[in-house]
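Note that this is a predicted model, so its numbers are computed, not measured. Just follow the structure's listing: the first ligand is 1, and inside any ligand the first atom is 1.
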Amino acid sequence: MNSLKEIAERIRGGKKVLLTTHIQPDGDAIGSLLGLGLALQYIGLSVTMHSTDGVPVKYAFLPGSRKIVSQVPSVSFDCVVALDCAETALLHPAREEIRGKIWINIDHHPTNTSYGDLNYIDPQAVATGEIIYFLLQELSVTPDKAIAQALYTAVSTDSGSFKYENTSMRTHYVAGKLLEAGVRPGEISPLLFDLRSKEAVMVLGKALNSLTLTAGNKIAYMVLTTEDLKSAGAGMEDLEGVVNYAKNIHGVEAGILFRENSDGTIKVGLRSASIDVSRIAAAFGGGGHKRAAGCLLSADLETAIREIISAVGKELP
Ligand SMILES: [Mn+2]
């Protein structure tokens, strides 16, 4: 692995820099892109900030977000920096289609494949944005409010508002420094965590209405039919976090959301407090993490519910 000092020198050494991130960007991807991108502009580099899937609406308030382009210009870059991207399969366009003299890979996923010419992977970092804060020190850039808001977005979203296990003293140190640089949590946090669309609230109501507890109240599940989604006017992005309402009930070991797709398949979201749901998802051709996983079933709703509940039931302590 290379040092941040080396990476800072290599970035500074070029004139034309491309910053890119993974497909379907999250708050860390956009925040890291903007935090580093604005800093490099301040020191006079020609920077292109790129996200194939654009900027999710909820991050559009971040200063500079309109400078992020969804197509890579067909020019040659002195340096390409991939941020928060564990493997090249998550890059679009493909690595071979981007002309960069050197590739720098900065990430915090433990699964990162070290595909860069220079790599900085820190799995202890709660977010790539946490690493970017220290990279800016090597670049001698003091974050202004715009940079600080971008990095705060990265750090606070990837740590689940400082709730997840990997939130460290260093995470809070960086957050504190970003507050010093002008971030006001009372101003930014509602935009990141509380505001939601009318459709999201409507569809949440439908999901809660379907809530069922089974297996001695250890499994809680909810069902959304295509009709529910249609009448709420809801899309995929409106379902974020819905399954947690089932998981977060006292005494529940597994929360499940069954969503009927228009093609007749059933998308299953699994969340757990204690059991390993990634194994259950994998048995149905899906995957994910121990506490959060998912799979897609080609079955009718009733069959999908019966099979999944039975599989989860076998894993209960
Ligand atoms: Mn991340």
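- Paired with Phe77 under the rule side chain to side chain contact (heavy atoms under 4.5 Å, CB included), one option of Val47, Val17, Ile102, Thr48 passes, and it is Thr48.
- Metal site remark for the Mn ion (ligand 1): His109 contributes no N, O or S atom at a distance under 2.8 Å.
- Using modelled atom types, one finds a donor on one side chain and an acceptor on the other under 3.5 Å when comparing His108 with Asp28.
- With the Mn ion (ligand 1) as the vertex, OD2 of Asp158 and NE2 of His108 span 90° to the nearest 10°.
- The atom of Asp84 nearest to the Mn ion (ligand 1) is OD1, with the search restricted to N, O or S atoms.
- At least one N/O/S atom of Asp28, whether from backbone or side chain, sits less than 2.8 Å from the Mn ion (ligand 1).
- When Asp117, Asn112, Thr113 are each tested for a side chain to side chain donor-acceptor pair (under 3.5 Å) with Asn105, only one passes: Asn112.
- Taking the charged nitrogens against the carboxylate oxygens, Arg291 and Glu165 have no contact shorter than 4.0 Å, which rules out a salt bridge.
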